[in-house]
Amino acid sequence: MAAQIKIFLGCPGDVTAEREIAYRVIQDIQDILRIINDNYPDVSVPPLRAIGWEQVPPGVGLPNDIILDRFPIEESDIFVFILWKRFGSPPGTRRKSESKYISGTQEEFERAFLRNRQSTSGKPLIMVYQKKDEFSITSLSAREIEQYRRVVKFMDDCGSTGKHHVITRSFLSKDFEGLLRRNLLDTILKLSASKSSDGGVSDKPEIINRELSRESGKEENPAMTEWLTRNNLSANPFKHYLAENEEELVKYYVPFKGFSLISNEIMSSNKNWLFFGVEGSGKTALKQFISSRCAPARRTSTLAIPYETSDFLEALTHSHDVNDIQLFVSQQIFQHALKITDLQAKYGPEIKDLQESAAIFLRLGKLLEKEAGYQRALCLLDLDPEVGEEALSKMIDVLAQLMALPSDKVSFRLFLLKSLQSKLMRQGRSLGRCEFQEIHWEEKELKELIKRRMIYYSINQSNPNQALGLLYESKGRTVPIDDEIVRLAEGNPRAVIWLAHRLFMEHCQNEPVPLKIESRTWDRVQLDWLTTGRNLILGAAGRAETFFAIGIDVYFNNKPLKLSKRSRALLRSLVDADGQTCTKEELIRTGWPDVRSEGVTEAALRESIRRLKSELKDKNKIDPAWVETQHDQGYRLLEPESGNEEG
Amino acid sequence: MPKTLFHTERLASRQTLLNEISEAMSSMGKPITPDKPIPPLLFVFWGSQGAGKTIFLKEAEKQLAGEPDVGIAGFWTIEKHNFAELPTLILGAVQALPTQQKVVILDNLEVLLEAVTGEDFFDFENKAILPLIERGDTLILAGSQIELKQWQEYDVRFRQCNYHLASLSLDEVKQMLEGTEFDPNVAYRLTFGQPKMLSVHMKEPQWTEKEISREATDYFLKGLKAEVREIARIASLVPAFNIYVLRKIRREDQSEDDGLLSQYHDHVNELTLRGMIQYDADLGAYRFTDDAVRRLLALDYRLSNPKHYDEAQGIAAEYFEEEAKGAAFLPRLIVSAVYHQAQRNRKLSQAKRGDLCIRWIRRMRDSWNGANWEQVLSVWESGLNSSELRDELVSLIGDKTFKKITQMFLGYQAEMEV
C-alpha cells in the first residue's frame, strides 16, 4: 500500500479562492480519516498529501518547472484540476521557449492525462472542475478572451467525443466546498478500499467504470444518464457525430435532400456515382447506409463491397506506379467480394491468373452472378482526406482509371470532399459513366435528423420524443430550440449533432441537473459555438466574417465588441434585421427606448450612427463600411461574404 | 428568426382519403419519377378513440374489394392474434392471392407497442411490413390510435404515410345525416363533428351541449387518474400549450420544485401515450390531436366551472400577450394570442370582442417590426393549420373581424416591403 495518497492541485491564477478551499477540504478530510484510523482498527486509510505551487520556495524559477521536477505528477494518485476564465500563462511570457505546452496548467493536465491512459492502475484519477460564476465577456481584454476560449476548447475536449475524455463537474463558487468534499472523500475511500482488497496493484476504478458503462451502452456521465432516463431517453442521441462510431445508424438514418428520388438508381444502376460534400455533410453515413441496404442479408440483387482508405494505403505502399496500384486495388476488391459472399476458398486462388483490372472486374461480375445471384456489385469508398495531398492525388488517378474500365457488373460509389471535385473533374476523359451528386441539406431534413435520433433513443417506443423542444423548459420564454440549432448549423448535419450534444453536456454540468434545459444553457452553447465550435466543426467553411448577438453583447468574428450603450443597441437592431434595412423610426425606438420617438431628431440618429461607426473603427478595428446608409430609409449591415463553399 | 413553419398535416376528409388510397393503387408498380411525390405503400390512419378508424378501414375494404384485379389479403385485428405467428399468416395470405394487386388491412397496430422496448413492433416491421413493401404489389392499410413514426427500416419510412382521422367537418356531418330526421347544424354544434359523440347524439337526441360535453369528458378521460384528468381539462382551454402555461393557470408557476415539474411532464406524457395530445415541433408547443375533442372538453369545463374558466383564459391571455411582444416568434404566437384575447372577453358581444382584438393588435404593432408577415399570414389564415381552431376563432371574433385582421397583417407586410 502506498504510504500516502498524493493529491495534485492544478489551477490557473484566477481560481486562487477555490485553491485555498481545496487545501482546506483536503485538511478536513485528513482530520476525519485520522479519527477513523484511530477509532476503527479494521479500517486503514493512508494519509493525504496535497501538492501545489505554494510548496515551491520563492525566487527559484518558474513554479511549474520546479514543482513538476520535485513532485512528478505521474506519481500522484489524484489530480484535481480547476478552471474558470484562464488557462494559464500564454507562451512567451513565463514559459520556457522550448516548452511544447502553451501553459503550465496545460502541461500539468497533459502529463496527468497521459499517465492516466498509460498506467495499469488508472492513476492519477482526474477530477476536472469548471467554475460557472457569471461574468461579462465584454469586460475581458483580448488576451483574456483568448484565455477563455482555451478553457472552452479544453472543456470541449473533455467531452465524450473529445480527445481528453474525462469526467467533469461545473460549480458555482458557493457550492464548491461541499461538492469537492463529497467527490474527494468518495474517491479517496474508493481508492483505499480497492487498495485494501487487492494490494493496490490492479485497481483502476475510473477506467473500469468507463469501460463498463461503454459496454452496457449507458452514458458515461451518471448525471447525464439519470437526466436522460428522466426524460424518457435511453441514451444521448447525439453522442456520436462521426458515422464510423454509430453501429445502428441505418435505423435512424436521414438522407440529404433529394436522395429518395435517386435512391433506387444509386442501388441498381451500373453507372458510377460520385458524391461530393463538405466535411461533416454525411458522406460516410451515406456509404454505411448503401452498404447496409445492399448487404448479403438483405438478399437484394446488388452486393455492396465496402473499400477503406486503409486498403488503398496498403496498395500505395505496395507500389508507386499508378498501373500497379490499380491492379492491386482491383485484386483487393475481388478478394473483399469473395470474402463477403463466402466464395474465397473456392475462387480466391484464381486471382493469380488475372493480371488486368478489366479482366478481374469481368470475372468478378460473372462469379457473383453465377454463384450468388447478384446482378451487380457496388464498390463503396469514402476517401479520408487525412492521408495527405500526395496520396490523395494518386488515389484519384487510380480511381479515375478504374471507373473508366468497361464493366457492366462492377461500378463505384465514391464519397468525396467537395474540394476534390475539381481535381477529379480534370480526369474528364475517364468519367464518362459517372453521375455527380452534391450532398446538400435543407432545414427540413436537418430537423428530421434531430427527430429521428430522438425517436430512436426514446425509452418508450410508443411515446417517442420527437424534438429537442420537448426537453426544453422555457419558463415562459419562447425558444424554438430545434429551429435555432438548425439555423446555427448552416446546413451541416455534423454541426447539428455537435450543437445538440453540447446542449446536453452543458445542461448536465449543472448540479443538480434540472429536469429541463434552461434558456441560459442554450445561450452558453451558442457562445461556445460561435467562439469555438463553428471553426472546429465547419473548419474553413465556417470562417465567414459576420456580426452576431447573444444576450446584450454583439460580436464580430467571434469577438465581443466594445461599444457604448446606445451604439450597442443600434448595432443590435441592425444585426437582428439580418441584412434588411432598419428604418430610422425603428432605430430611434431601440436607441432611445425611454423617449417618445417624436422627441428624437434624425440629426441625433445620424450623429449616433456616426459615433457607432467611429467606435467600430477606433475601439474594435472594424471597417465602419459594414454599416451602410440606405438613402431616406435607414441603415443596414452588409451581408457577409459567403464562406460556406469549400474549395 | 424561424425560416420554416408548420408543415401541413394531411388532414383529409374520409372521401379524400379513399381517393388517396385509389391513387396509390393505380401508381403501384409504376416507376418512381422525380416530378411526382413517391406513392405510399403503407397508409397509417390514426386518431383518438372514437374517431371511427375501424369503420373507415371497413369502408376502404368494401371499396377496394369492388376493384378489378385487387385481392384483399385479410382484415387483421392485431390483438386477436399471436404476434409471433402473425407475419407468417399475413405473408401466406398475400402469397395465396392470384390477383395482380393485393391489399392487407391491419387494425389497432398500436397494440404492438405495448412492450416498452418496442420489440413486438420492430419484429413485426421486419418480418411483415418490410417484406410486403419490398414486394411492391401490396398496399397496406393500418389503423392506430397514435401516429406511427418509429419505423426503423428506411424502406418502410420511405413508403409510409400517416393520415390523421380528424373529426368530421360540417359538410361531412350534413352528408352523413342526409335523409335522417337529425338537423346537421344542431348535431355539429353539439359534437363539433366528433364521430363518437355524433353517435351519442343520435342515440340521445334530447341531450343538451352540457350533457354531451360531460359525456365526452367521461369518455375521453376514462381510466385516467384524477390529476391527469385535471391537466387534460385545463390543457383543453389552451389550443397550443406548454407546461409553463399550465402551471401558470394552476398558479404553480413560481414553484422551483423540480418534482412538481416532473409530475407535470409525467401527466403530459400519459396524455401523449394515449394519443390525445402531441408535441408540435414546428410550433414548439403541445396540441390536442383532435381539436373537436379539445373543444368538447373545454366546453364541459366552461359549463361546469365558469369562474375558473374565465380566470384561466385571463391568465393565458396575459401570458401570450407578454410572449407576443417580440417580432421573432410572432408566427408561433399570433393565433394563440388573439384567441385568448377573445376568450378573455367572452362575456361581451362578438362585435365588441372583435373590436377589442383589433385594438390590441394596433397597440402591439410597434413591437412587431421585422416580423415575418408571410408566415404570420399563413398561420393566421389556416388557424395554426387547424380548420376547427380557425372556425372557433371566427365564432369568437366574427368573420368580418377575422378578415379585417387579415387585411391589417397584409398592410403591415406591405409596409415592410416598402
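Values in this document were obtained by computation on a predicted structure and should not be read as measured data. Reminder, nothing fancy here: chain letters follow the sequence lines and each chain counts from 1.
Heavy-atom pairs under 4.5 Å with chain B were tallied for A:Lys516, A:Glu442, A:Gln466, A:Arg230; the largest tally goes to A:Lys516. The greatest number of non-hydrogen atom pairs below 4.5 Å with chain B, out of A:Asn460, A:Leu470, A:Ile455, is found for A:Leu470. In terms of non-hydrogen atom pairs under 4.5 Å with chain A, the most contact-rich of B:Leu112, B:Asp266, B:Asn269, B:Ile146 is B:Asn269. When B:His265, B:Lys248, B:Arg157 are compared by the number of non-hydrogen pairs under 4.5 Å with chain A, B:Arg157 comes out ahead.
With a threshold of 4.5 angstrom between heavy atoms, B:Glu322 does not approach chain A through any atom at all. Proximity to chain B (any heavy atom under 4.5 Å) is restricted, for A:Arg298, to the side chain, taken from C-beta onward. Heavy atoms of B:Phe158 lying under 4.5 Å from chain A belong exclusively to its side chain. Neither the backbone nor the side chain of A:Thr581 comes within contact range of chain B; no heavy atom of the residue lies under 4.5 Å from a heavy atom of that chain. Using a 4.5 Å cut-off between heavy atoms, B:Ile38 contacts chain A through its side chain alone, with no backbone atom that close. Looking at B:Gln150, both its backbone and its side chain come within 4.5 Å of chain A, counting heavy atoms on both sides.
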Is there a ring-ring contact (aromatic ring centres under 6.0 Å, His included) between A:Tyr457 and A:Tyr252 once you walk through the steps? CA-CA 9 Å; A:Tyr457 283 98; A:Tyr252 49 86; 5.8 Å; yes
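Of the possible polar contacts, none joining the B:Trp368 side chain to the B:Lys325 backbone as a donor-acceptor pair under 3.5 Å is found. A donor-acceptor pair is defined here as one N or O able to donate and one able to accept, closer than 3.5 Å; no such pair exists between the side chain of B:Arg332 and the backbone of B:Ala324. In this structure a side-chain-to-backbone donor-acceptor pair under 3.5 Å is present from A:Asn465 to A:Asn231.
Screening B:His164, B:Gln145, B:Glu147 for a side-chain contact (heavy atoms from CB on, under 4.5 Å) involving B:Thr289 leaves a single residue, B:His164.
Side-chain contact between B:Phe124 and B:Ile129 is present, with at least one heavy-atom pair separated by less than 4.5 Å.
The residues B:Lys127 and B:Asp123 are annotated as salt-bridged, a charged nitrogen and a carboxylate oxygen being separated by less than 4.0 angstrom.
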